[in-house]
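For the single chain, residues carry numbers from 1 onward in sequence order.
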Amino acid sequence: MKAKMFRALLPLAILFTMVSCSSDDSETSVSKEAVVTNYDYNEVELRLVQLINNHRVSLGLNPLQVINHISYKSEGHNEYMIERQSVSHDNFYQRSQSIIETLGAEKVAENVAYNYMTAESAFAAWKNSPGHRANMEGDFTHFGISVSVDPQTNRKYYTNMFMKEK
């Protein structure tokens with residue numbers, strides 16, 4: 001009885017094995033992230049874009065072009081920081097790799113800030129910090145910015161990402 005059942009199920013087992021082990025290139029290929037083209041800038045974000053570009057131009061540097069996708073990535077990091085109630089550069093590698101792969105960046109840098117009431121005060125803090133200032137004045141071509149308000153505390157979280165195009 002066992003032998004008859006085995007012989008009856010053997011062809012099904014072989015067929016199942018052949019089908020389940022086949023490879024499909026579409027499953028193994030890495031898909032490129034879709035570029036976000038729309039971003040709704042608030043007044044503080046627009047003011048920071050102006051302050052950073054004015055500062056760069058005053059030093060003889062190129063103004064940076066805003067890319068909505070970078071602002072979207074920056075907003076995602078603000079949401080992460082708000083959720084954790086902590087300012088950080090956590091997961092910067094993943095954000096920068098996403099920008100490198102999606103937008104073809106050569107390099108990426110990031111500034112974050114927390115609890116500044118105005119664009120001017122956040123900009124001043126970045127300008128007075130050697131590392132943040134180096135990013136603002138660095139060899140970059142594009143950037144994105146997001147300023148998000150924690151709905152529970154009304155404190156602002158800032159993420160500003162810079163990119164150099166290849």
Side-chain angles (χ1 to χ4, degrees), residues 22-57 59-116 119 121-153 155-166:
S22 66
S23 68
D24 181 4
D25 288 340
S26 66
E27 289 182 309
T28 58
S29 67
V30 177
S31 62
K32 191 174 177 181
E33 183 179 348
V35 175
V36 174
T37 57
N38 293 320
Y39 185 87
D40 202 12
Y41 292 91
N42 64 43
E43 185 179 317
V44 178
E45 292 162 342
L46 292 173
R47 181 68 179 137
L48 274 166
V49 166
Q50 183 181 40
L51 289 167
I52 292 167
N53 272 335
N54 287 348
H55 175 71
R56 288 180 61 86
V57 169
L59 298 173
L61 300 169
N62 61 297
L64 302 175
Q65 293 180 332
V66 176
I67 294 184
N68 293 339
H69 186 79
I70 300 173
S71 297
Y72 170 77
K73 287 296 189 181
S74 297
E75 180 181 54
H77 185 56
N78 284 347
E79 291 168 1
Y80 171 88
M81 293 189 296
I82 289 169
E83 182 180 308
R84 284 165 181 67
Q85 294 292 297
S86 174
V87 178
S88 73
H89 292 283
D90 289 357
N91 306 312
F92 172 71
Y93 178 78
Q94 289 85 353
R95 281 188 303 287
S96 66
Q97 281 304 114
S98 171
I99 290 170
I100 288 167
E101 293 169 9
T102 304
L103 300 176
E106 180 178 312
K107 68 178 182 175
V108 178
E110 175 178 84
N111 287 348
V112 296
Y114 163 72
N115 204 27
Y116 290 95
S121 60
F123 172 76
W126 285 335
K127 190 175 168 188
N128 292 325
S129 163
H132 294 101
R133 184 181 184 125
N135 287 341
M136 285 195 308
E137 297 174 0
D139 183 23
F140 296 105
T141 55
H142 298 82
F143 72 145
I145 185 103
S146 177
V147 180
S148 303
V149 178
D150 181 336
Q152 294 178 335
T153 65
R155 293 184 175 151
K156 293 178 182 172
Y157 287 77
Y158 298 74
T159 301
N160 182 200
M161 297 184 73
F162 303 86
M163 160 190 137
K164 181 175 182 177
E165 194 172 50
K166 284 186 181 178

Can you name the closest pair of heavy atoms from [X] and [Y] and give their distance?
{"X": "F162", "Y": "L64", "answer": "CD2-CD1, 3.6 Å"}
{"X": "V112", "Y": "S88", "answer": "CG1-O, 3.8 Å"}
{"X": "L48", "Y": "A119", "answer": "CD2-O, 3.5 Å"}
{"X": "R56", "Y": "M136", "answer": "NH1-O, 2.7 Å"}
{"X": "T37", "Y": "N68", "answer": "O-ND2, 2.5 Å"}
{"X": "G144", "Y": "S71", "answer": "CA-OG, 3.3 Å"}

Counting N and O atoms only, with roles assigned by atom type, does the side chain of [X] sit under 3.5 Å from a partner on the main chain of [Y], one being a donor and the other an acceptor?
{"X": "N111", "Y": "N160", "result": "no"}
{"X": "S98", "Y": "Q94", "result": "no"}
{"X": "S96", "Y": "Y93", "result": "yes"}

Those residues that, when tested against [X], pass side chain to side chain contact (heavy atoms under 4.5 Å, CB included) (two or more places apart):
{"X": "L46", "result": "Y41"}
{"X": "N78", "result": "M81, S146, S148, Y157, T159"}
{"X": "T153", "result": "Q85, D150, R155"}
{"X": "V57", "result": "P63"}

Separation between [atom1] of [X] and [atom2] of [Y], rounded to the nearest 0.5 Å:
{"X": "I145", "Y": "M161", "atom1": "CD1", "atom2": "CE", "result": "11.0 Å"}
{"X": "R84", "Y": "E79", "atom1": "CZ", "atom2": "CD", "result": "11.5 Å"}
{"X": "H142", "Y": "I67", "atom1": "NE2", "atom2": "CD1", "result": "4.0 Å"}

Report task. Kindly indicate whether the side chain of I70, heavy atoms from C-beta on, has any atom under 4.5 Å from the side chain of L103. Result -> yes
Query raised in the report: Does a side-chain heavy-atom distance below 4.5 Å link V49 with F143?
Result: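 The answer is yes; the side chains approach within 4.5 Å.
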Check salt bridge (Lys or Arg N to Asp or Glu O under 4.0 Å) between [X] and all other residues, then give those that pass, not counting sequence neighbours.
{"X": "R133", "answer": "E137"}
{"X": "E165", "answer": "none"}
{"X": "E75", "answer": "none"}
{"X": "D90", "answer": "none"}

Requested in this report: Please say whether the positively charged group of K107, taken as NZ for Lys or CZ for Arg, lies over the ring of F140, i.e. under 6.0 angstrom from the six-membered ring centre and within 45 degrees of the axis.
Outcome: yes
Query - For S121, all residues meeting side chain to side chain donor-acceptor pair (under 3.5 Å), sequence neighbours excluded - result: T118
Requested in this report: Sequence neighbours left out, what passes side chain to side chain donor-acceptor pair (under 3.5 Å) with D139? Give chain and number order.
Outcome: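 K164.
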Query raised in the report: Would K73 and M163 satisfy side chain to side chain contact (heavy atoms under 4.5 Å, CB included), going step by step from the backbone distance to the final call?
Result: CA-CA 12 Å; K73 287 296 189 181; M163 160 190 137; over 6 Å; no
Report task. Take Y116 and V147 through the test side chain to side chain contact (heavy atoms under 4.5 Å, CB included) and record every step on the way to the result. Result -> CA-CA 10 Å; Y116 290 95; V147 180; over 6 Å; no
**Report entry** Pairs touching residues 60-86 that satisfy ring-ring contact (aromatic ring centres under 6.0 Å, His included), sequence neighbours left out
**Finding:** H77-Y80
Query raised in the report: Which salt bridge (Lys or Arg N to Asp or Glu O under 4.0 Å) pairs, counting each pair once, include a residue from residues 34-52, with sequence neighbours left out?
Result: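 Listed by first then second residue: R47-E120.
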